[in-house]
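In what follows, a single structure is set out as structure tokens and then discussed.
Values below: every heavy atom of this structure, side chains too, minus hydrogens, waters and symmetry copies. In the text below, chain A, chain B and the rest are named by the order of the sequence lines, each starting its count at 1.
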Amino acid sequence: MNPYSSIVEELSLRIHRSLSLRGLTIELSELMSEVVEPPSREMGDLGIALHKYAKRLSLEPAQLAEETKGFLNDLPGLLGVKAISGYLNVTYSPEYIAKVTISSVRSVKNYGYVPSEKTLKVIIEHTSANPIHPLHIGHGRNALLGDTLYRLLSNRGHLVQRRFYINDTGRQVALLTFGYKLINRRPSENVKPDEWLGRLYALVNLLIELRDIRNELNKLRSRLESRELSELEEEKHRELLKKVDEVTASLGKLWEADKELFDEVSRALMEYEGDPEEEILRIMSSYERGEEWAKSLVREVVDRALAGIRETLSKLGVEFDKWDYESDLVWSSLVNEVVSKALSSPLYIRHKGVDALDVQRIASQQVLKKLNIDIGGEIPPLIIRRSDGTILYTTKDIAYSIYKFADSNADLVINVIGAEQKLPQAQLRLALLALGYVREAENLVTYIYEMVTIPGLKMSSRRYQIVTLDWLLEELYRRARDEVDRRRQDLSESDRAKIAWTIAIAAARFSMASYDPLKPLNFNLNKVLDLSGNSAPYILYTHARASNILKKAGDIEWDLIDYSYARNEVIKELIWLVMKYPQVVAEAADKLSPEVLGNYIVRMADCFNKWYESERIIDEEDKPYRALKLAIVFGVKKSIAHGLTMFGVTPLDTI
RNA sequence: GGGCCCGUGGCCUAGCAUGGAUAGGGCGCCGGCCUUCUAAGCCGGAGGUCCGGGGUUCAAAUCCCCGCGGGCCCGCCA
């Protein structure tokens, strides 16, 4: 159900006929995409710039426009055609547009559901945070973009599967497991497991780092006293001192967060007799080999972290269909197969003494274009495995990519991933191609988003400098709750809590998913927490207004509607917005651009509020007009509600 | 050094893929609007070298080139 598109098609068909008769062959679809809404409605409802076609026909644009007018005579709903300096603008009878729109809205249950002609099997992998710490707001951007894309694509009728890749075989998990084993204690009851593990990870990491730095300092110090240091070494000395300060500061924060844990870990590490590095390595390689002791230990740690991560995600309404352990891939033959294929590939090289794929060699202009890779310069070789034989992340990711396609016979796999991973993702796709996985290489889309930064803070989970999603949600809830309490004393405590939670989640989701992923997000709390302006709470508020009107008005008397009332400017605008809504949701999905939809529903809310302030709806005495007004409210409410669900926000009937 | 991304009123941003008509919002600021469907709202106002310079074009915020500024990447980390 896409009334806008039907109307555009009708118009395009006629222009197409006109141009064809002059000998110009163009695809109808091309013409359809040229049809736009003119800058203002006085110029017309729809228009098209004919300049480029005029040029191809060696005609004056104005003349072509003028002569095309005649072809539109039998256009349904046509009120007038104007040819203005090469533009052909069409005005429809408001009555016709209102009728088309309202019957569309009324005839389907899920207005806004626009299945595409081709149903695809899509896998969207997102979030995939390392299971060693709580999710921070950067992961939030990933998760919320990913989940919104999932909702948009599902709304296009595609079969979408959400997958979370658990990166459990790297060094980071091994380090955490080392710490976990070291203190031999389970997470405290009163703290989220991921939070607790995050502290443990940072503690172990920082204490080891501090020890290493001190060792280096000591080496330099003895010679510093005898003034044997070169300028370079003095520089290094200064840097080390600075590092000590940084590490100490982070440790201070950890001490404050959990003194007991701090003491426990530092004592245990002091008493530890072996070399932590060696033990971490032993855990890592034993786990990769699938030795039972390592398996049970690492999985225990990882699953505890995941439990916490899941809890946060589920608060936000983000769910997954499959949780894929990297280790399962390693233990299966898949990773080994990839490695042996790589070793026998024509692109195989020894690079700095290790096995690598020289992906640069297949990175011709055509290939880069085909795979949509924007890397201009040299693409470094992809290292397959470390000299000790352990496998590197990107190699495992090759196996995982193959697995994702094979496991559910996917047509398309989307990886939502931070911009800093653009190069490895390009290497990955080139490697797939090199190893003969052409379909996989061509249908793997990397959906890049830029960093989330916090003014004045360099986020680092290694240093326990993160703003967690849990914290953000609590903070949002607190603010929303204050506001709800202030306004809605009439509601019960539990209703107010429910509303405040919805607002908090809406604010988080909308602020993250409704603007350009390629722009670095300077996370300004005041902006996200702002409940006015073009924000999710504003949209929720508008939706509640519309709901309220419908509730108070009673049933809509559809048969009474007199469409000829749809004449005033705001009403016309609102009807067009509702009519175009399905088109916009479809576009947002096809372009993988949630922000397109976000902007649109804000615009619709603006228009509705403007109308709301200017005219009475329920009190309209003219019955046929009242019925029309209510039908419009109904359409707006339906559209906004649908838009909100695309962002994973529950539309509220009262706020 | 090389590559990629971003640059739009004081601040945040839409529009850029596929060039098209008057650059659209929000925050903040100034002035108004609650006896009437929820004022998280609405109305009015001030505020713009679309980073700069060239080029292509009938037409450039949008495309190309050269710069400038910011971020990221160029690891036997992920």
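- Rounded to the nearest Å, the gap between the P atom of B:rC66 and that of B:rC4 is 11 Å.
- Taking only side-chain nitrogens and oxygens, A:R545 comes nearer than 4.0 Å to OP1 or OP2 of B:rA39.
- Residue A:K55 places at least one side-chain N or O under 4.0 Å from the OP1 or OP2 atom of B:rC58.
- Phosphate contact (OP1/OP2 of B:rA78, side-chain N/O of A:Y165, threshold under 4.0 Å): absent.
- Proximity of A:T542 to the phosphate of B:rG41: no side-chain N or O atom is located under 4.0 Å from OP1 or OP2.
- Between the P atom of B:rC37 and the CD1 atom of A:I632 lies a distance of 20 Å, rounded to the nearest Å.
- Between the P atom of B:rA39 and the CG atom of A:L531 lies a distance of 16 Å, rounded to the nearest Å.
- Counting non-hydrogen atoms of other residues, nucleotides and ligands closer than 6.0 Å to NZ of A:K69 gives a total above 12.
- The pair A:K52-A:E34 meets the salt-bridge criterion, with a side-chain N (NZ, NE, NH1 or NH2) lying under 4.0 Å from an Asp/Glu carboxylate O.
- When rounded to the nearest whole Å, the span between NE2 of A:H351 and P of B:rG75 equals 8 Å.
- A cation-pi arrangement, defined by a distance under 6.0 Å to the six-membered ring centre and an angle within 45 degrees of its axis, is present between A:R545 and A:Y612.
- Taking only side-chain nitrogens and oxygens, A:R350 never comes nearer than 4.0 Å to OP1 or OP2 of B:rC76.
- Side chain of A:K610, nearest nucleotide from B:rG20, B:rC43, B:rC76: B:rC43.
- Note on A:R603: every side-chain N or O is 4.0 Å or more away from OP1 and OP2 of B:rA14.
- Between A:N548 and B:rC37 there is no side-chain polar atom (N or O) within less than 4.0 angstrom of OP1 or OP2.
- Nucleotides of RNA chain B nearest to A:E420 and A:N167 differ in position, and the one nearer the 5' end is that of A:E420.
- By the 5.5 angstrom centroid cut-off and the 30-degree plane limit, A:Y87 is classified as stacked against the base of B:rA21.
- Side-chain N or O atoms of A:R429 include one that pairs as donor or acceptor with a backbone N or O of A:L371 at under 3.5 Å.
- Look at A:K552 and you'll find a side-chain N or O under 4.0 angstrom from OP1 or OP2 of B:rU38.
- For A:K519, a side-chain nitrogen or oxygen approaches OP1 or OP2 of B:rA14 to under 4.0 Å.
- The distance between atom CD of A:E595 and atom P of B:rG26, rounded to the nearest whole Å, is 19 Å.
- Listed in residue order, the members of residues 504-517 of chain A having a heavy atom less than 4.0 Å from RNA chain B are A:Y515, A:D516.
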